[in-house]
Novice: 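First, the structure itself, so that you have it in front of you.
Quick note on labels: first sequence line is chain A, next is B, and so on, each numbered from 1. The analysis underlying the following values was restricted to heavy atoms, covering all of them including side chains, and did not include hydrogens, waters or symmetry mates.
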Number of protein chains: 2
Amino acid sequence: MLPLLLLAGFRTLIDDLHAELARQGHPELRPAHGFVLQAVGVDGTTASELGQRLGVSKQAAGKTVDRLVALGYLERADDPADARRKLVRMTARGLDGLRRSAVVFDQLRDRWAATLGAERVAAIEDDLRRMVPTDVFRLDVPGWFAG
Amino acid sequence: MLPLLLLAGFRTLIDDLHAELARQGHPELRPAHGFVLQAVGVDGTTASELGQRLGVSKQAAGKTVDRLVALGYLERADDPADARRKLVRMTARGLDGLRRSAVVFDQLRDRWAATLGAERVAAIEDDLRRMVPTDVFRLDVPGWFAG
DNA sequence: TAAGATAGTCAACGTGGTTGACCAGATAGT
DNA sequence: ACTATCTGGTCAACCACGTTGACTATCTTA
């Protein structure tokens, strides 16, 4: 049951997050999008670098950017210093979604702490940190799901 | 960090499982396949019912069965009592993969217990059980990842 | 300046999902 | 017994998200 429970815990949190985000004006935001917005970051990036951060090909990253651009969460701009590069950065809407995600995650963690106790939640986090390889999902990406 | 750690914990377990399954003669088995084999069960089922168990459409379930049949893990047979139904059941290879998954999951849980202590692992499971809705991922499906 | 590395894109494809349409077979109601 | 409806499986078209390989444009470096 351990693996299923970990997955179910993650999905519960993510489902709750997206239900709340939909309520707050972001119904099109899908679970994967949060990872992408986080990886783009407030400073922006390029499709190639985004691919590296997410651990996928530059082509896959490019397609994902296309979709987020179509949804109004990202925009592309030319790099004045390098005509090959297209800078990818968040729009105001993207930034809004990202900020709300962080807030909602904080609230959800508080809800877990209210039920289980803050120590138990902290213990789960400590235990998991000990069991997962440090580079899984590049948890060192600045600001990864700040919540 | 909580949601990411839960996901990373799950992925670590699943990655370890599939690395070991590949070593034991099942390199084509993908994470999603375990769920499907488990949902088919030793008694077999039909595409429609499989879809219900997995929470996807009957068409999606049918396609997934196609792939597992092509890999030699499932087979289809006519239902003598109902000419519309096509029974889906595991082949010997499917059963072997499922059994090995259960064994490896047990071993991985033991490894976690060896590092964290059996009480901590049990505490994580208890806490998660309290936080996830009982029907998430239909955990009540008989034999769900027995490990 | 010629050669090589890098950024982005296009095309083809695989996997896992969706809807809608449709046919064949089972079942219920009159 | 016959018609109407429900159900199981499949086909087609499509979408999200990933892959590789090939190609162009541009920057970097020897």
Novice: List the steps, then state whether salt bridge (charged side-chain N to carboxylate O under 4.0 Å, His left out) holds for A:D126 with A:R130.
Specialist: CA-CA 6 Å; A:D126 288 346; A:R130 290 178 61 192; over 6 Å; no
Novice: Side chains of A:L7 and B:F35, heavy atoms from C-beta outward: is any pair under 4.5 Å?
Specialist: yes
Novice: Given that both distances must come in under 3.5 Å, which nucleotide forms a Watson-Crick or G-U wobble pair with C:dA24?
Specialist: D:dT7
Novice: Take atom CZ of B:R76 and atom P of D:dG8, then tell me their distance rounded to the nearest Å.
Specialist: 15 Å
Novice: Can a salt bridge be assigned to the pair A:E125 and A:R109 using a cut-off of 4.0 Å between side-chain N and carboxylate O?
Specialist: yes
Novice: Starting at CG of A:L50 and ending at P of C:dT9, how long is that distance when rounded to a whole Å?
Specialist: 13 Å
Novice: Side chain of B:D78, backbone of B:P80: donor and acceptor closer than 3.5 Å?
Specialist: no
Novice: Between B:E75 and B:K86, does at least one N-O distance fall below 4.0 Å, as a salt bridge requires?
Specialist: no
Novice: If you define the side chain from C-beta out and look only at heavy atoms, does anything of A:L74 sit under 4.5 Å from A:T91?
Specialist: no
Novice: Got a sec? Which of residues 61-72 of chain B come in under 4.0 Å of DNA chain C, heavy atoms?
Specialist: B:K63, B:T64, B:R67
Novice: Is the CZ atom of A:R30 crowded by more than 12 outside heavy atoms at less than 6.0 Å?
Specialist: no
Novice: Between A:R53 (side chain only) and A:A39 (backbone N and O only), is there a donor and an acceptor less than 3.5 Å apart?
Specialist: yes
Novice: Give the rounded distance in Å between these two atoms: CZ of B:R30 and C1' of C:dG14.
Specialist: 11 Å
Novice: Determine yes or no for a side-chain-to-main-chain donor-acceptor pair under 3.5 angstrom, with A:H18 supplying the side chain and A:L29 the backbone.
Specialist: yes
Novice: Counting only heavy atoms and a strict 4.0 angstrom limit, can you tell me which residues of residues 78-87 of chain A come near DNA chain D?
Specialist: A:D82, A:A83, A:R84
Novice: Just wondering, are more than 12 heavy atoms of other shown residues or ligands nearer than 6.0 Å to CZ in A:R99?
Specialist: no
Novice: Give me the distances for all protein-to-nucleotides 19-21 of chain C N/O pairs that come in under 3.5 Å?
Specialist:
from   : atom 1 : to    : atom 2 : distance (Å)
C:dG20 : O6     : B:Q59 : NE2    : 2.6

